[in-house]
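Note that this is a predicted model, so its numbers are computed, not measured. No hydrogens, no waters, no symmetry mates; every other heavy atom, side chains included, goes into these values.
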Amino acid sequence: MSLASPLILASASPRRADLLRAAGVAFEVFKSDVPELGPADAAHFAPQELVLANARAKGGAVSLKFPERVVLAADTEVALEGEVFGKPRDLEEA
């Protein structure tokens with residue numbers, strides 16, 4: 001692995017990209033096409049398990065396409081008292 005190669009961000013999240021830019025990290029974006037688990041799957045997962053499963057799936061899929069690169073993947077869910085609400089569709093729903 002070359003340390004000169006930029007990090008791969010396995011996310012199209014503008015906020016994650018902003019955080020990396022603010023930290024001065026060189027990166028490229030490559031969004032995974034892995035379907036994410038969400039509120040319908042929450043009965044089988046605690047919220048923290050749900051986000052870990054999503055991040056691992058996204059990161060794993062992208063790392064298969066870039067085996068010599070460092071891949072960063074993350075996930076965010078909205079949850080309250082163990083109930084997963086999922087990501088809001090728009091500002092009004094949020």
For the CG atom of L50 and the CG atom of D75, what is their distance to the nearest 0.5 Å? 7.0 Å

For the pair L9 and L20, evaluate side-chain contact (heavy atoms from CB on, under 4.5 Å) and give the outcome as yes or no after the intermediate values. CA-CA 9 Å; L9 175 60; L20 289 174; 4.0 Å; yes

NZ on K31 to OG on S13, rounded to 0.5 Å: 11.0 Å

Any side-chain heavy atom of E28 within less than 4.5 Å of one from R69? yes

Rounding to 0.5 Å, atoms CG (L37) and NE2 (H44) come to a distance of 9.5 Å

State, yes or no, whether a side-chain contact exists between E77 and P47 at a heavy-atom distance under 4.5 Å. no

Derivation of the side-chain contact (heavy atoms from CB on, under 4.5 Å) call for I8 and V70: CA-CA 6 Å; I8 299 286; V70 175; over 6 Å; no

Taking the side chain as C-beta and beyond, is there a heavy-atom pair between V78 and V84 under 4.5 Å? no

I'd like to know if the side chain of K58 and the backbone of S11 have a donor-acceptor N/O pair within less than 3.5 Å. no

Do the side chains of F85 and L80 get nearer than 4.5 Å, heavy atoms only? yes

Under the criterion side-chain contact (heavy atoms from CB on, under 4.5 Å), I'd like the reasoning laid out for E49 against N54: C-alpha separation, chi angles, the key distance, then a yes or no. CA-CA 9 Å; E49 294 169 329; N54 282 333; over 6 Å; no

Are F66 and L72 in one and the same hydrophobic cluster, where Ile, Leu, Val, Met, Phe, Trp and Tyr link if side-chain heavy atoms are under 4.5 Å apart? no

For a 4.5 angstrom cut-off between non-hydrogen side-chain atoms, does V51 reach R56? no

Taking only residues two or more places apart in sequence, or in another chain, which ones meet D33 in a side chain to side chain donor-acceptor pair (under 3.5 Å)? none

